[in-house]
Undergrad: 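This is the structure I have questions about; it appears just below.
Order of listing sets the numbers, starting from 1, for every ligand and every atom in it. Position 1 is the first residue of the sequence; numbering continues from there. What you see is a predicted model; the values in this text were computed from it and never measured.
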Amino acid sequence: MIKTMQQTLFIVLDGIDGAGTTTHSKLLAGFLSLKGLKTYLTREPSSSEIGKLLRIYLKDERIPASTDALLFAADRVLHYKNEIKKKLEEGYIVISDRYIESSIAYQSSQSDEITIEWIENLNLFAGEPDLTIILDIDPKISLSRKNQEFLEKFEDTSLLDKVRQVYLTRAEKLGYSIINTNNIIELVQTEIQEVVLNKLKEKGIGIKK
Ligand code: TYD
């Protein structure tokens with residue numbers, strides 16, 4: 001029997017605050033739609049009740065990192081089962097602005113007691129992406145662009161330096177593409193598109209020229 005190749009792709013853009021995951025996820029979704037692909041854009045924390053609670057906790061220093069890790073994992077499993085998996089089954093290309101690598105990088109950087117292995121275990125029921133792209137920037141550059149009054153609890157240069165190292169180490173270990181985003185948006189986006197186009201080709205997913 002000839003097995004037909006799955007015509008969908010689950011893409012994740014991840015990276016430290018200010019690296020541009022939101023901007024580039026939106027641009028990528030627009031690009032893929034223009035290429036004639038059914039595209040679904042989503043983000044984490046998700047729009048679930050747990051995701052809403054997490055957005056409040058992101059501004060609250062009293063919440064322990066372990067609680068954040070547990071809630072992010074709970075939100076992610078729900079997000080995957082109820083949203084991402086469904087859309088993939090309907091034939092959409094799904095793009096998620098952040099996913100499990102955010103939990104690994106952020107929560108493990110906040111406490112020595114939190115291991116990457118524990119976070120991986122918590123996230124066992126969240127399906128794996130086909131492609132993870134890490135957007136990378138020096139936190140000194142990214143934070144200087146933000147309004148200092150509205151920074152969330154993780155938006156601190158020394159924490160983000162640590163978080164960034166975890167992203168880069170994981171990317172090297174797992175073969176994720178790393179794209180430096182300290183450049184003109186259009187150029188960065190073109191680099192992201194090239195990585196995605198290669199993956200589409202590899203999966204045999206055709207696009208409009
Ligand atoms: P962000 O994606 O920047 O959203 P917004 O643009 O609305 O500020 O913020 C999400 C924050 O949550 C970011 O600081 C990273 C953090 N985060 C974690 O710590 N763990 C996770 O698992 C996820 C998904 C996000």
Undergrad: Do any N or O atoms from the side chain of Ser66 and from the backbone of Pro64 form a donor-acceptor pair under 3.5 angstrom?
TA: no

Undergrad: For the pair Lys52 and Glu49, find out whether any cationic side-chain nitrogen is under 4.0 Å from an anionic carboxylate oxygen.
TA: yes

Undergrad: Give a yes/no verdict on a cation-pi contact between Lys38 and Tyr92, requiring under 6.0 Å between NZ or CZ and the six-membered ring centre and an angle within 45° of the axis.
TA: yes

Undergrad: Could you check atom 20 (N) of ligand 1 against the protein and tell me its nearest heavy-atom contact, residue, atom and distance included?
TA: Gln107 OE1, 2.9 Å

Undergrad: Can a salt bridge be assigned to the pair Asp130 and Lys203 using a cut-off of 4.0 Å between side-chain N and carboxylate O?
TA: yes

Undergrad: For ligand 1, which is the ligand I care about here, please tell me if Ser103 has any N or O atom under 3.5 Å from one of the ligand's N or O atoms.
TA: yes

Undergrad: Would Glu83 and Lys87 pass as an ion pair if we require N to O under 4.0 Å?
TA: no

Undergrad: Please determine which of Asp68, Ile119, Ile104 meets the side chain to side chain contact (heavy atoms under 4.5 Å, CB included) test together with Ile114.
TA: Ile119

Undergrad: Which residue and non-hydrogen atom of the protein lie closest to atom 17 (N) of ligand 1, and at what distance in Å?
TA: Phe72 CZ, 3.4 Å

Undergrad: Of all the non-hydrogen atoms in the protein, which one sits nearest to atom 14 (O) of ligand 1, and at what distance?
TA: Asp17 OD2, 2.9 Å

Undergrad: Under 3.5 Å, is there a donor-acceptor pair between the side chain of Asp14 and the main chain of Tyr99?
TA: yes

Undergrad: Return the residue, atom name and 0.1 Å-rounded distance of the protein heavy atom closest to atom 12 (O) of ligand 1.
TA: Leu58 CD2, 3.4 Å

Undergrad: Give me the nearest non-hydrogen protein atom to atom 2 (O) of ligand 1 as residue plus atom name, then the distance to 0.1 Å.
TA: Arg98 NE, 2.8 Å

Undergrad: Consider every N or O of Asp97 and every N or O of ligand 1, then say whether any pair is closer than 3.5 Å.
TA: no

Undergrad: Test your reading of the model: is there a side-chain donor-acceptor pair from Arg55 to the backbone of Pro45, 3.5 Å cut-off?
TA: yes

Undergrad: With heavy-atom distances below 4.0 Å as the criterion, list the atoms of ligand 1 near Glu44.
TA: 24 (C)

Undergrad: Regarding ligand 1, does Thr22 bring an N or O atom to under 3.5 Å of one of the ligand's N or O atoms?
TA: no

Undergrad: To check your reading of the model: name the closest protein heavy atom to atom 9 (O) of ligand 1, its residue, and the distance in Å.
TA: Glu152 OE1, 3.8 Å

Undergrad: List the closest protein heavy-atom neighbour of atom 6 (O) of ligand 1: residue, atom name, distance to the nearest 0.1 Å.
TA: Arg43 NH2, 3.8 Å

